[in-house]
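So that we are looking at the same thing, I have put the structure below in structure tokens.
Predicted, not measured: the structure shown is a model, and the values here were computed from it. Count residues from 1 along the sequence.
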Amino acid sequence: MHSIPARFWDPPHSHSADARVFVVQGQLELAYGSDINETENLQSFAAGSLIHVPANSVHFDGACEDMLISGVA
């Protein structure tokens, strides 16, 4: 599990393989694209959500509140 502090934002990036993330606590904010200032497409995922991020998709993510996530195989 990974603990993400409030107001932390991961810069735009991609992964070579599909990513699956389970939100254990808090809320994950995620958007696709290479401009972190483009938040109009920002999606919110509450605790209990399972998110699939396709391989090679440029995205950025973060948290407005303390969050706990877990990677899912």
Side-chain angles (χ1 to χ4, degrees):
M1 282 199 228
H2 301 284
S3 178
I4 312 294
R7 295 176 297 284
F8 173 83
W9 286 91
D10 222 357
H13 63 283
S14 64
H15 307 274
S16 59
D18 286 2
R20 289 175 181 80
V21 176
F22 181 72
V23 182
V24 177
Q25 177 184 334
Q27 184 166 294
L28 174 70
E29 307 290 338
L30 181 136
Y32 291 92
S34 58
D35 186 353
I36 199 165
N37 295 316
E38 285 282 331
T39 58
E40 61 196 39
N41 295 320
L42 197 63
Q43 296 177 291
S44 298
F45 298 93
S49 297
L50 179 63
I51 302 103
H52 171 249
V53 180
N56 304 311
S57 298
V58 177
H59 63 284
F60 56 93
D61 51 72
C64 295
E65 60 188 68
D66 289 344
M67 178 178 57
L68 189 60
I69 59 173
S70 177
V72 178

Report whether Trp9 and Val58 are members of the same hydrophobic cluster (ILVMFWY, side-chain heavy atoms less than 4.5 Å apart, transitive linking).
->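 Cluster IDs for Trp9 and Val58 differ.
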Smallest separation among heavy atoms of Pro12 and Ser34, with atom names = CG-O, 3.4 Å
Shortest non-hydrogen contact from Ala63 toward Pro5 =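 Ala63 and Pro5 have their closest heavy atoms at CB-O, 4.1 Å.
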Tyr32 versus Pro54, closest heavy-atom pair with distance =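 Nearest heavy atoms, Tyr32 then Pro54: OH-CD, 3.6 Å.
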Nearest-0.5 Å distance that lies between atom CG in Asp35 and atom CZ in Phe60 = 7.0 Å
Counterpart residues, side-chain hydrogen bond (donor to acceptor under 3.5 Å, both in side chains), relative to His52 (two or more places apart) = Asp18
Gap separating the CD atom of Gln43 from the CD1 atom of Ile51, nearest 0.5 angstrom =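 The CD1 atom of Ile51 is 9.5 Å from CD of Gln43, to the nearest 0.5 Å.
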Which atom names give the shortest non-hydrogen contact between Glu29 and Ser44, and what distance separates them?
-> OE1-OG, 2.6 Å
Can you tell me how far CD1 of Ile69 sits from CD of Gln27, rounded to the nearest 0.5 angstrom?
-> 13.5 Å
Say whether, by atom type as modelled, one donor and one acceptor occur between the side chain of His59 and the main chain of His13 under 3.5 angstrom.
-> yes
Passes side-chain contact (heavy atoms from CB on, under 4.5 Å), Leu50 versus Val21? Steps please.
-> CA-CA 6 Å; Leu50 179 63; Val21 176; over 6 Å; no
Exam field: side chain Asn56 to backbone Ser16, donor-acceptor pair closer than 3.5 Å =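 The answer is no, because no donor-acceptor pair under 3.5 Å joins these two groups.
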Asp10: what forms a side-chain hydrogen bond (donor to acceptor under 3.5 Å, both in side chains) with it, not counting sequence neighbours?
-> none
Ser70 side, atom OG; Met1 side, atom CE - distance, nearest 0.5 Å = 5.5 Å
In one Ile/Leu/Val/Met/Phe/Trp/Tyr side-chain cluster, 4.5 Å: Phe8, Val53 = yes
Nearest-0.5 Å distance that lies between atom CD1 in Ile4 and atom CG in Leu68 |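 One finds 8.5 Å between CD1 of Ile4 and CG of Leu68.
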Closest non-hydrogen atom pair between Ala46 and Val23, with its separation = O-CB, 3.7 Å
